[in-house]
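Quick note on labels: first sequence line is chain A, next is B, and so on, each numbered from 1.
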Protein chains: 2
Amino acid sequence: MTSELMTIRQMCDAFEVTPRTLRFYEAKELLFPVRNGQKRLYTRRDRGRLKLILRGKRFGFSLEEMRQLLNLYDRGDAQEEQLKRTYAVARERLAQMERQRDELNEAIEELRGQLEWGADMIASFRRPAAE
Amino acid sequence: MTSELMTIRQMCDAFEVTPRTLRFYEAKELLFPVRNGQKRLYTRRDRGRLKLILRGKRFGFSLEEMRQLLNLYDRGDAQEEQLKRTYAVARERLAQMERQRDELNEAIEELRGQLEWGADMIASFRRPAAE
DNA sequence: GTTGGACTTTACGTTTACGTCAACTCCGGT
DNA sequence: ACCGGAGTTGACGTAAACGTAAAGTCCAAC
């Protein structure tokens, strides 16, 4: 079923993305499907890359960041230095996400505070410069 | 010092925004400074609104949402129904933020998991379709 | 042989919240 | 009269990640 080469539609169904997305990723040099005449055919390598791309997206990596990471390890020269760099990038992103989460939590607490006062919060919308 | 009417620069310094921002908010009908000839003069009302706008931004409200909320309570008809609607909007937003935070936490956990495996995570970048 | 899908390319549109000019206009000071 | 600074309008630019037509190609089925 999961044949060696997949059409764009099979890919879309498998990964829940649109054809536009796959072409877009190709234009951004994230995927390199082979061609059968006009048609794109996605290899196992493309599927692997796409899987990582989507995972990266969940982590908040930009497409450009993913492209760089993928290309880094695609050249086969996955030496110590390169590995460490990827590792560093990932840890940095993790730190960013944690900061973002903390900010979000602060905002939540603040908003929750307003709401707990009940109608007082609403009043603040009516008497803006009350203080 | 905090005179009744403030120039655009005074506003910028007071709220740490750029002139562009204030004009933008005006174009979006969030602020309504009066004019002294060419120049904009911001009233106490504008300052109150701006304060709420910036607070709203921290809560993740879009400018359009803030405009609606402000206008709602600006018409003076802050009746029960209207109040409840604002309250509802705020609670909904809070729920959104909590969902967002939860998703972020999941992603963080997932990424942290990868990192804890150390170099194995990096390896996953080399053997995409390993599974 | 033609119709219908599936696929293709090209290219402009969308969203949000401003940034960044360019070209004025106005006002106080010298 | 002239200059500099502050303020103004208008318009185009930016970023990300695609969406959405428009128009053409290709192959199998009828």
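- In this structure, B:Ile53 places its CD1 atom 16 Å from P of C:dT16, rounding to the nearest Å.
- The distance between atom CD of B:Glu26 and atom C1' of C:dA17, rounded to the nearest whole Å, is 16 Å.
- When each of B:Pro19 and A:Lys28 is assigned the nucleotide of DNA chain D with its nearest heavy atom, B:Pro19 is the one assigned upstream, toward the 5' end.
- Proximity of B:Leu50 to B:Leu54: side-chain heavy atoms (C-beta onward) are separated by under 4.5 Å at one or more points.
- For the pair A:Thr18 and B:Gln38, both in contact range of DNA chain D, the more 5′-proximal nearest nucleotide belongs to B:Gln38.
- For B:Tyr25 and C:dA17, the shortest distance from a side-chain N or O to OP1 or OP2 is not below 4.0 Å.
- For B:Arg20 against C:dT20, a side-chain-to-base donor-acceptor contact under 3.5 Å is present.
- Nucleotide C:dC7 holds its C1' atom 12 Å from the CG atom of A:Asn36, rounded to whole Å.
- Put simply, CZ on B:Phe24 is 15 Å from C1' on C:dT20, counting in whole angstrom units.
- For the pair A:Ile8 CD1 and C:dA6 C1', the computed distance is 10 Å after rounding to whole Å.
- Residue A:Arg23 is classed as a base contact, given a heavy-atom separation below 4.0 Å to a base.
- Of the candidates A:Met6, A:Met11, A:Arg35, A:Arg40 forms a side-chain contact (heavy atoms from CB on, under 4.5 Å) with just one, namely A:Arg35.
- Atom P of nucleotide C:dC7 and atom CG of A:Leu22 are separated by 11 Å, given to the nearest angstrom.
- The residues B:Glu26 and B:Arg23 are annotated as not salt-bridged, no charged nitrogen and carboxylate oxygen being separated by less than 4.0 angstrom.
- Listed here is the closest heavy atom pair of B:Cys12 and B:Pro19: SG-N, 3.3 Å.
- Within the 4.5 Å cutoff, side-chain heavy atoms of A:Arg47 are placed close to those of A:Phe15.
- Atom P of nucleotide C:dA6 and atom CZ of A:Arg40 are separated by 17 Å, given to the nearest angstrom.
- Of the candidates A:Thr7, A:Leu5, A:Leu22, A:Leu22 is the only one forming a side-chain contact (heavy atoms from CB on, under 4.5 Å) with A:Tyr42.
- Note: NZ (A:Lys39) to P (C:dT9) measures 13 Å, nearest angstrom.
- Put simply, chain A comes within 4.0 Å of DNA chain D, heavy atom to any atom, from D:dA17 to D:dT20, going 5' to 3'.
- Of all heavy-atom pairs between B:Leu63 and B:Leu30, the closest is O-CD2, 3.7 Å.
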